[in-house]
Each structure stands twice: as C-alpha cells, then as structure tokens.
Trainee: 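This is the structure, below, for whatever I ask next.
Just the heavy atoms: all of them, side chains too, but no hydrogens, waters or symmetry mates, feed the values below.
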Amino acid sequence: MNILTLFVVIPVVMLLFLWLARNLNQVRAVMVAGSSCLLALSVWLTFYFVQQRNAGVTDTMLLTYSVEWFAPLNIHYAIGVDGISVVMLLLSSIIVFTGTFASWQLKPLTKEYFLWFTLLSTGVYGFFISIDLFTMFMFYEVALIPMYLLIGVWGSGAKEYSAMKLTLMLMGGSALLILGILGIYFFSGAQTMNIIEIANLHNIPVEIQKIFFPFIFIGFGVLGAMFPFHTWSPDGHASAPTAVSMLHAGVLMKLGGYGCFRVAMYLLPEAAQELAWIFLILTTISVVYGALSACVQTDLKYINAYSSVSHCGLVLFALLMMTQTACSGAILQMLSHGLMTALFFALIGMIYGRTHTRDVRRLGGLMKIMPFLAVGYLIAGLANLGLPGFSGFTAEMTIFVGSFENNDVFHRVCTIIACTSIVVTAVYILRVAGKILMGKVSDPHYEHLTDATWDERVAVACLIFCVAGLGATPFIFKPIIDNALVPILSVINPAVAAL
C-alpha cells in the first residue's frame with residue numbers, strides 16, 4: 001500500500017471503530033489514537049520529503065501511485081505530494097489533533113459528532129494527496145457535505161439558516177467546478193485526468209481557457225471566501241461548534257486557495273495571465289473589506305470570521321501576483337492563518353462555554369478570572385496582526401514584498417491598498433483584546449468561573465507552539481514550498497520563474 005493512502009485509510013478505520021464504540025471513553029480513545037497517528041504520519045512525511053529533496057530527487061511529485069478506477073472517463077485513483085501538499089497535510093493533522101481535545105467535553109451525541117468530524121477530515125486529506133481531477137473533486141465534496149449536519153445539529157444561534165446558506169453556496173461553487181473540470185478534460189486532448197500530465201501537454205486553446213478559467217477559479221474561490229461570494233463564511237463560522245470552526249477556517253478554506261493555484265492557474269495558465277486582473281481587484285476588496293467589517297462586529301466569532309475573509313483573500317491576492325516570493329508567502333499564509341484562526345476559534349469557544357456570551361460589550365476583566373485562556377487569546381491576536389516573531393508577520397511580509405516585485409502601476413496600487421489591512425487589523429484586534437481581557441470584571445457572576453481544563457490546555461498549547469514555531473523558523477518550511485513552486489510557476493509565469 002502506498003504510504004499516502006494511509007491518510008485516507010486511517011480516518012476510515014476511525015469511522016469503523018467510532019461506530020463500534022459503546023461509551024464516551026471509547027469514542028475519545030479512538031479519536032486521540034487516530035488523530036495522533038495522522039499527526040505522526042504527517043510529521044514523518046515532512047522529514048521524508050525533505051530527505052528525498054536533499055538527496056537530489058527532482059520528481060515533481062513524490063510517492064506517486066495510480067490505479068484505474070473508471071475506464072470510460074479515464075478516472076484514476078492517482079495520488080502524490082509536492083512541498084505544498086506536504087505542508088497542507090501537516091496543517092490538517094495539527095488541526096484535527098487539537099480539534100479533538102477542543103471537543104473533549106462536547107455533548108450531546110458525541111459519537112455521532114465525531115463520526116461526521118472524521119468524515120470531514122477524510123475528505124480534506126484525500127483532497128490534498130489527489131493528483132487526478134475527478135478524485136480531487138470527489139474528496140472535495142466529501143469534505144463539504146458533513147458541514148451541513150455539523151453546523152445544523154451541533155451549532156448555535158441561527159444554525160439551520162447558516163448551515164443551509166453555507167451548503168447552497170458551496171454546492172453552487174461545486175457545480176461550476178465540475179463544469180470546469182469536464183471542460184479541461186475534454187479540451188486538453190489528454191487520455192487522463194491526471195493534473196501533471198494535463199499540465200505537461202499544455203494543449204488547451206487559449207480561447208477555451210478563458211471560458212473555463214472563471215468556472216474553476218470562482219468555484220474554488222467561493223470556498224476561499226472571495227468577495228462577493230464570501231457571505232456564507234461569517235454565518236457558518238458563527239454558528240459552527242468550536243472544533244468545526246477550527247477545521248473549517250483552519251483547513252477547509254485552504255482547499256479554495258490550493259485548488260485555485262493547483263487547478264485553475266496551473267492548467268489554464270494563459271487565461272490566468274489575461275484574466276488575473278479581474279480577480280485581483282476582487283481579492284483586494286476581500287482583504288480590505290474583511291478587515292473593515294471585523295472592526296464593526298460585536299460578536300467574537302463574527303470578528304474572527306471576517307478576519308478570515310481578509311486573510312484568506314490575502315492568499316488568493318498573493319497567488320494572482322504570480323511571483324515566486326508572493327506565491328511562497330501565500331502558502332506560508334495558508335499555514336499561518338490555519339494555525340492562528342484555529343487557535344482563535346478554540347479560545348472563543350472555551351470562553352463562550354464559560355460566560356455563555358460572545359458579545360464583546362458584555363465581556364471584561366477575563367485576564368483576572370481565566371489567565372491561561374486570556375494569555376492565549378492575546379497571543380493569537382498579536383500573531384493575527386502580524387507581530388514579528390509570530391507566523392503572521394513572516395507570511396504577510398513575504399506576500400507584500402513579493403507583490404511589490406511587479407513593477408507596473410496596477411499591481412503596486414493593489415499592493416498598497418491591501419497593505420492598509422495591516423493597520424485595520426491592529427485596530428480591531430487591540431480594541432477587542434483590551435475590552436474583554438483588561439479592566440474590571442464586567443459581570444459579578446464571572447468571578448466564579450474556572451480557567452482552562454487539561455484538555456483545553458493541550459489544544460491551546462499545541463497551537464501556540466506551532467504559531468510561534470512557524471514565526472521563528474520559517475526557513476524550515478520555505479525551501480519545501482519554494483521547491484514545489486518552481487515547476488508550477490514555470491508554466492503559469494515563465495518570465496518570472498526564470499529569474
């Protein structure tokens with residue numbers, strides 16, 4: 001068995017054992033064992049990948065495997081990883097592991113909740129290892145469908161409305177995707193849906209590319225919360241249970257940026273060059289609009305949700321700049337935002353579980369009552385606004401430096417406008433942190449609340465370690481990412497890739 005297949009097999013085995021579990025302790029044991037195995041596997045894969053590259057292995061994809069699945073349409077179960085896939089698998093494993101502990105006390109229907117949570121993670125892992133268009137799309141759908149029940153059953157607030165809105169908008173994006181994928185397959189002249197083989201053929205007429213590029217980019221862009229297709233995201237985040245928000249914002253939204261780069265831009269490069277300016281305007285709006293919207297929110301989850309719109313917009317913004325530095329920053333931003341927003345949502349869920357409110361106006365003085373959670377929230381906020389030493393600074397600086405490498409007026413104006421989001425982010429992060437953490441305790445009932453439990457401390461400590469670790473040692477991940485960018489950028493933007 002190919003080692004990558006374990007990323008799908010382990011969650012499937014977890015589903016079986018969860019179904020057989022008879023009590024809460026057995027359910028927890030299955031989740032901890034399974035998520036730990038996935039985390040260990042992703043760490044091993046990262047070291048193995050680095051070792052192979054250092055040994056001089058130059059294949060575009062490593063650990064490739066392909067077996068015919070549906071002959072009439074040349075669909076294969078084809079898998080493989082490059083540097084981008086490896087770091088996304090590592091991110092996913094961290095979020096699933098910490099999400100398990102963040103959901104430790106979840107009730108009711110704990111077993112059913114973890115069944116759907118594990119199915120969601122199965123789709124995420126399968127998506128990142130797939131190099132066949134149809135297989136990738138299938139795993140993409142597996143990742144989306146459980147969101148409806150996870151929010152609709154275990155969510156809060158207007159959960160039915162949020163779940164339905166999210167599902168309808170993402171299914172709309174999926175409809176565009178399947179049209180784009182079929183267009184690529186039938187017009188590429190390839191006898192396969194393998195992404196690498198289609199890219200090597202480079203056979204799709206430019207006029208056809210222009211037709212199908214918007215289908216693919218918008219289809220994935222909906223999941224990446226690109227303006228004006230972002231409206232499902234804040235409602236979905238606000239209503240989702242804690243670990244679902246963590247996985248949703250931390251990993252699921254990254255499928256959007258990954259798909260835009262790996263499929264839309266890589267397989268339709270001439271159309272990407274000609275139409276990028278349209279989507280660059282939309283992503284610039286996403287970056288600034290998301291930050292400004294976060295400033296006027298009073299619900300902690302909505303603040304972080306709109307912040308995610310801004311930061312995920314920054315990923316697509318950087319990819320459309322098509323320089324090596326900017327694209328490297330985009331992947332780092334995917335890693336950074338995944339960790340930061342998972343930490344934020346975990347802490348918000350823990351605070352809400354004690355105070356039973358997410359209204360900023362009703363919170364205050366939490367530093368005195370729950371110092372561990374308060375310090376964690378402050379660290380997450382500082383990372384989010386780009387404080388040097390944390391992951392946010394490394395990613396955003398790389399993006400803006402790389403974006404400014406384009407020496408034309410349009411790209412530089414967009415870069416300057418997007419840079420204003422840094423200031424706006426600092427405003428809402430510091431305002432909220434000061435209001436809810438400092439000063440007098442706003443409600444006498446809060447005086448009797450407890451700080452984080454051991455399971456919550458495990459989740460928060462792991463995420464803080466990762467956020468600080470990525471900020472302090474970006475040189476570990478950047479070579480892995482840059483190595484994967486070279487073959488893709490040589491197709492998308494040969495002039496820049498040759499520099």
Trainee: Quick one, Leu89 and Val86 - any side-chain contact, counting heavy atoms below 4.5 Å?
Mentor: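 Sidechains of Val86 and Leu89: no contact.
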Trainee: Please verify the inter-ring angle class for Phe134 with Phe137; under 30° counts as parallel, over 60° as perpendicular, anything in between as tilted.
Mentor: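 Tilted.
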Trainee: Does Phe410, at its CZ atom, have more than 12 non-hydrogen atoms belonging to other residues, nucleotides or ligands within less than 6.0 Å?
Mentor: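 Check passes, neighbour count above 12.
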Trainee: Not counting sequence neighbours, which residues clear side-chain hydrogen bond (donor to acceptor under 3.5 Å, both in side chains) with Ser174? List them please.
Mentor: Glu141
Trainee: Could you measure the distance from the CG atom of Leu109 to the CG atom of Leu115? Nearest 0.5 Å is fine.
Mentor: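 Between atom CG of Leu109 and atom CG of Leu115 there are 10.5 Å.
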Trainee: Just wondering, are more than 12 heavy atoms of other shown residues or ligands nearer than 6.0 Å to CE in Met397?
Mentor: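 It does not: Met397 CE has 12 such atoms or fewer within range.
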Trainee: Does Tyr306 have any ring pair (Phe, Tyr, Trp, His ring centres under 6.0 Å) partners at least two apart in sequence or in another chain, and if so, which?
Mentor: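 In terms of ring pair (Phe, Tyr, Trp, His ring centres under 6.0 Å), with neighbours along the sequence ignored, Tyr306 is linked to no residue.
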Trainee: If you count every heavy atom of other residues, nucleotides or ligands that lies below 6.0 Å from Trp277 atom CH2, does the total exceed 12?
Mentor: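 Atom CH2 in Trp277 is not crowded, with 12 or fewer foreign heavy atoms closer than 6.0 Å.
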Trainee: Can you label the angle between the Tyr289 ring and the His230 ring as parallel, tilted or perpendicular, going by 30° and 60°?
Mentor: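 Perpendicular, since the angle between the ring planes exceeds 60°.
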Trainee: How long is the gap from CG on Leu90 to OG on Ser42, to the nearest 0.5 Å?
Mentor: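 Nearest 0.5 Å value for the CG-OG distance: 4.5 Å.
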Trainee: Could you check whether Asp82 pairs with Arg262 (Lys NZ or Arg NE/NH1/NH2 to Asp/Glu carboxylate O, under 4.0 Å)?
Mentor: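 Salt bridge present between Asp82 and Arg262.
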Trainee: Atom OG in Ser36, atom CD1 in Ile10: separation rounded to 0.5 Å?
Mentor: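 Ser36 atom OG to Ile10 atom CD1 measures 10.5 Å (nearest 0.5 Å).
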Trainee: Less than 4.5 Å apart, side chain to side chain, heavy atoms only: is that true for Met88 and Leu335?
Mentor: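 Met88 vs Leu335: side chains touch.
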Trainee: Excluding sequence neighbours, so at least two apart, what forms ring pair (Phe, Tyr, Trp, His ring centres under 6.0 Å) with Phe213?
Mentor: Phe217, Phe279
Trainee: Provide the closest heavy-atom pair for Thr242 versus Lys301 in the form atom of the first, atom of the second, distance.
Mentor: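 Smallest heavy-atom distance, with atoms named: N-NZ, 4.5 Å.
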Trainee: Between Val263 and Met136, is there a side-chain heavy-atom distance shorter than 4.5 Å?
Mentor: yes
Trainee: Can you tell if the side chain of Phe220 reaches within under 4.5 Å of the side chain of Leu177, non-hydrogen atoms only?
Mentor: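 Yes, close enough: below the 4.5 Å cut-off.
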Trainee: With sequence neighbours left out, what residues match His411 under side-chain hydrogen bond (donor to acceptor under 3.5 Å, both in side chains)?
Mentor: Asp408
Trainee: Are a donor atom and an acceptor atom from the side chains of His337 and Ser308 found within less than 3.5 Å of each other?
Mentor: yes
Trainee: What orientation do His237 and His248 show, parallel under 30°, tilted 30 to 60°, or perpendicular over 60°?
Mentor: tilted
Trainee: For Tyr77 and Ser66, what are the C-alpha separation, side-chain angles and deciding distance, and is it a side-chain hydrogen bond (donor to acceptor under 3.5 Å, both in side chains)?
Mentor: CA-CA 6 Å; Tyr77 171 71; Ser66 179; over 6 Å; no
Trainee: Evaluate ring pair (Phe, Tyr, Trp, His ring centres under 6.0 Å) for Trp104 paired with Phe101, printing each intermediate quantity in order.
Mentor: CA-CA 5 Å; Trp104 202 257; Phe101 287 97; 5.4 Å; yes
Trainee: Given Met265 and Leu319, is the side chain to side chain contact (heavy atoms under 4.5 Å, CB included) satisfied, shown in steps?
Mentor: CA-CA 9 Å; Met265 297 175 69; Leu319 293 174; 4.2 Å; yes
Trainee: Using the salt bridge (Lys or Arg N to Asp or Glu O under 4.0 Å) criterion, which residues pair with Lys159? Sequence neighbours excluded.
Mentor: none
Trainee: Is it the case that the side chains of Ser328 and Asp482 hold a donor-acceptor pair, with the cut-off being a distance below 3.5 Å and no angle test?
Mentor: yes
Trainee: For a 4.5 angstrom cut-off between non-hydrogen side-chain atoms, does Met321 reach Glu405?
Mentor: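 No - every pair of side-chain heavy atoms lies 4.5 Å or more apart.
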Trainee: Scan residues 161-199 for pairs that pass ring pair (Phe, Tyr, Trp, His ring centres under 6.0 Å), counting only residues two or more places apart or in two chains.
Mentor: Phe187-Phe212
Trainee: Would you indicate whether the side-chain heavy atoms of Leu45 and Leu63 approach each other to under 4.5 Å?
Mentor: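 When only atoms from C-beta onward are counted, Leu45 and Leu63 do touch, with a gap below 4.5 Å.
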Trainee: Side chains of Tyr140 and Ser130 only: does a donor on one sit below 3.5 Å from an acceptor on the other?
Mentor: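 Distance-only check fails for Tyr140 and Ser130.
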Trainee: Might you confirm whether atom CZ of Phe475 has over 12 heavy atoms from other residues, nucleotides or ligands at distances under 6.0 Å?
Mentor: yes
